[in-house]
Amino acid sequence: MSPVGREWRREPLYHLDPELNGLLRSELIRQQETLELIASENFASRAVLEATGSVLTNKYAEGLPGARYYGGCDIVDQVEQLAIDRCKAVFGAEHVNVQPHSGSSANLAALFALLDPGDTLMGMELTHGGHLTHGLDINYSGRTYDVVRYHVHRVTETIDYDEVRELALTRRPKLIICGYSSYPRIVDWAAFRAIADECGALLLADIAHIAGLIAAGVHPNPVPYCDVVTSTTHKTLTGPRAGLIMCRQEHARAIDRAVFPGMQGGPLMHVIAAKAVCLKIAQSEEFHRLQRQIVVNCLALAETLAAGGVRLVSGGTDVHLALLDLRSTGLNGLQCQDLLESVGITANRNVVPFEAGKFNVASGLRVGSPAVTTRGFMEPEMRHTGELILRAIAARDDAVALAEIRREVLDLLDRFPLYEFL
Ligand code: DSN
C-alpha cells in the first residue's frame, strides 16, 4: 500500500481536476481575447505568477520578520524583509507593512490604527471618486466613524479644495483621506497637508490606483506629505492581488499591530514574495517607461473618444484612467459596458459626479490604459481602440457591424500576444 495522499499530491491540475483546469484555461483565453480597459486591472508578469504559485503558500508566519509566532520562518523573514526594503526604496517610506491582503484591508487596518470608533473621518464621496473604505455608509468605515464627505467642484469636476478646507475647519476630522478610485486628475498632496495641518488632522493617501505612476515619478509622491499611505499592488504596480501600508515611524507600531493581530492572522507569504518581485521591477527604467506610456496612452484614448463626441469628466485626464459621461450617447453605463463586452472590450460602468441615475446602472464608464499598455499597445492602438468604441456605440443595434468590430478587436489583440508561455 502506498503512503496516504502520495499519489494525488503529485498529479498535475489538468489530470487531478479537469473541471477546474478547464475554467482556468477558459479564463486565460478570455484574457487573451479581450481588450482590457478596466482601470484597476493589469497583467501580472511571469515572475509574479511564479512567486504567487510558490511553496511559500504553505508557511505560517504570524508576526514580523525576526519576531514570529512560528518556527521555520528564517527564509520567509528574508522574503518579507526584501519586500519591505524594496518598498521603502521605491517610495521613500520610513516604515512599511507588506502584510495587508488587499487595498481594502490596508485601509481598514490604517483606520483601526489611527482612529477610535466615533471619531470623525473625512473622505471623498464615493460617487465623486472615493472608495468604499473611505466612509461609505454601508462599509465598516462608514458604520464605525463619523464621516464627513467632500466632493469635486460642480463646474470643474476636480477636487474642490475650498470645500475640503471649509469642511475640515468646521468639522475638525481626526483623519483626512485623499487618493481615489475614479479620479482622472493629479492630486495636490501639499494642499491636503496644509489643510490637515490647519485643522489638526492626520492625513492618509490611498494610492491603490496610481502607485505605479508614483513609483515612476509620473504622478507626485504623497509619502513626504502623509502620515500614512496605503496601496494595492496589482493595479498600475503590476504585482499580485494584495495591499500594503507605508507610514511615518511614529505610527509604525500602531499600524503593525492593527494589521496583526488587529485585523489579520497569518500573512500570505507567497503573495508577499510576489510583492517583492513587483517592487524590484518597479525600480527599473523599463517599468518607468511603461508607466509613462500608460499616461500617454490614456490621453490618446480619451482624446479620440472626446473627438467623437463623448464628454470627459473634468475635461480630460492626467493619469491612467478617464471617466466618460455617456449621457449624450443615449446609453447608460450598464448598457455601454454590456455593448462593449459583446465586442470583446471590457470596462466598468461608473457614476458621474452629481448624476441622479441609479448607482448600479450609472451614466458613466471608467476606462483605463494599464492592462493594454502592459500588453504592448502604443498611441496608434489606443486611438484605434477609441474608434472601435465609438463605432460600437453608433452601431449598437446592428449585429453585423458589431460582429465586424469584434473581429477587428481580435485582429488587434493578435498582434500583442499575452502569456504565450502558458
Ligand atoms: N475595485 C477597485 C477599482 O476597480 O477601482 C477598487 O477597490
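Here the structure is a predicted model, which is why all the values come from computation and not from measurement.
- In this structure a side-chain-to-backbone donor-acceptor pair under 3.5 Å is missing from Glu303 to Ala300.
- A search for ring-ring contact (aromatic ring centres under 6.0 Å, His included) contacts involving His151 returns His128, not counting sequence neighbours.
- Residue pairs meeting the side chain to side chain donor-acceptor pair (under 3.5 Å) criterion with at least one partner in residues 266-287, sequence neighbours excluded, are Glu285-Arg292.
- Partners of Ser141 under the side-chain hydrogen bond (donor to acceptor under 3.5 Å, both in side chains) rule, at least two apart in sequence or in another chain, are Asn139.
- Remark: Arg383 does not engage Glu379 in a salt bridge, criterion side-chain N to carboxylate O under 4.0 Å.
- A salt bridge links Arg171 with Asp146: the closest approach of a Lys/Arg side-chain nitrogen to an acidic carboxylate oxygen falls below 4.0 angstrom.
- In terms of modelled atom types and a separation under 3.5 Å, the side chain of Gln32 and the main chain of Leu418 share a donor-acceptor contact.
- Remark: Leu390 CG to Thr304 OG1 distance equals 8.0 Å, nearest 0.5 Å.
- The backbone N or O of Asp77 lies less than 3.5 Å from no partner atom in the side chain of Glu80, so there is not a single donor-acceptor pair.
- Applying the salt bridge (charged side-chain N to carboxylate O under 4.0 Å, His left out) test to residues at least two apart or on different chains, the pairs with a partner in residues 190-215 are Arg165-Glu198, Arg193-Asp197, Arg193-Asp227.
- Looking at His320, its side chain never comes within 3.5 Å of a backbone N or O of Val295 through a donor-acceptor pair.
- Between Ile159 and Met124 there is a side-chain heavy-atom pair separated by less than 4.5 Å.
- Side chain of Asp119 to main chain of Asp116: a donor-acceptor pair is present (N/O by atom type, distance under 3.5 Å, no hydrogens or angles).
- Taking the ring centroids of His95 and His251, they lie at or beyond the 6.0 Å cut-off.
- Note that OG of Ser105 and CD of Gln264 are 5.0 Å apart. Values are rounded to the nearest 0.5 Å.
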Test Gln81 against Asp85 for side chain to side chain donor-acceptor pair (under 3.5 Å), laying out the working first. CA-CA 6 Å; Gln81 197 57 53; Asp85 292 343; 3.0 Å; yes
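- Judged purely by atom type and a 3.5 angstrom limit, His219 uses its side chain to pair as donor or acceptor with the backbone of Val187.
- The closest side-chain heavy-atom distance from Arg25 to Leu28 is below 4.5 Å.
- Every residue was checked against the side-chain hydrogen bond (donor to acceptor under 3.5 Å, both in side chains) condition with His288, not counting sequence neighbours, and none meets it.
- Looking at Glu408 and Arg391, a side-chain N of the basic residue comes within less than 4.0 Å of a carboxylate O on the acidic one, giving a salt bridge.
- Interatomic distance, Thr385 OG1 to Leu340 CG, rounded to the nearest 0.5 Å: 11.0 Å.
- Atom OG1 of Thr346 is separated from atom CD of Glu36 by 3.0 Å, given to the nearest 0.5 angstrom.
- Taken to the nearest 0.5 Å, the CG atom of Asn107 stands 15.0 Å off from the CZ atom of Phe112.
- In summary, Glu41 and Arg241 do not engage in a salt bridge, as defined by a charged side-chain N under 4.0 Å from a carboxylate O.
- With no hydrogens or angles considered, no side-chain donor-acceptor pair links Ser102 and Ser104 at under 3.5 Å.
- Proximity of the aromatic rings of Tyr150 and Phe192 is defined here by a centroid distance below 6.0 angstrom, and this criterion is met.
- Qualifying side-chain contact (heavy atoms from CB on, under 4.5 Å) partners for Thr144, counting only residues two or more places apart in sequence or in other chains: Pro117, Tyr140.
- Judged purely by atom type and a 3.5 angstrom limit, Thr236 uses its side chain to pair as donor or acceptor with the backbone of Gly212.
- The main-chain N or O of Ala242 is found under 3.5 Å from a side-chain atom of His234 such that the two form a donor-acceptor pair.
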If you apply the rule side chain to side chain contact (heavy atoms under 4.5 Å, CB included), what do you find for Val319 with Cys298, and how did you get there? CA-CA 7 Å; Val319 290; Cys298 191; over 6 Å; no
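- Taking CG of Leu202 as the start and CG of Leu121 as the end, the distance is 11.0 Å to the nearest 0.5 Å.
- A cation-pi arrangement is present between Arg154 and Phe354 under the rule of less than 6.0 angstrom and at most 45 degrees off the ring axis.
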Report the C-alpha distance between Asn297 and Thr373 in whole Å, list the side-chain angles of each, state the deciding distance to 0.1 Å, and finish with yes or no for side chain to side chain donor-acceptor pair (under 3.5 Å). CA-CA 7 Å; Asn297 276 357; Thr373 308; 3.0 Å; yes
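- With contacts defined as side-chain heavy-atom distances shorter than 4.5 Å, the pair Leu412/Phe377 qualifies.
- Ion pair Arg327/Glu355 not flagged as a salt bridge, since none of the NZ, NE, NH1 or NH2 atoms sits closer than 4.0 Å to an Asp/Glu carboxylate oxygen.
- Side-chain atoms of Gln31 and Glu27 include a donor-acceptor pair closer than 3.5 Å.
- Proximity of Thr317 to Leu312: side-chain heavy atoms (C-beta onward) are nowhere separated by under 4.5 Å.
- Residues Tyr419 and Leu49 have side chains in contact (heavy-atom distance under 4.5 Å, counting atoms from C-beta outward).
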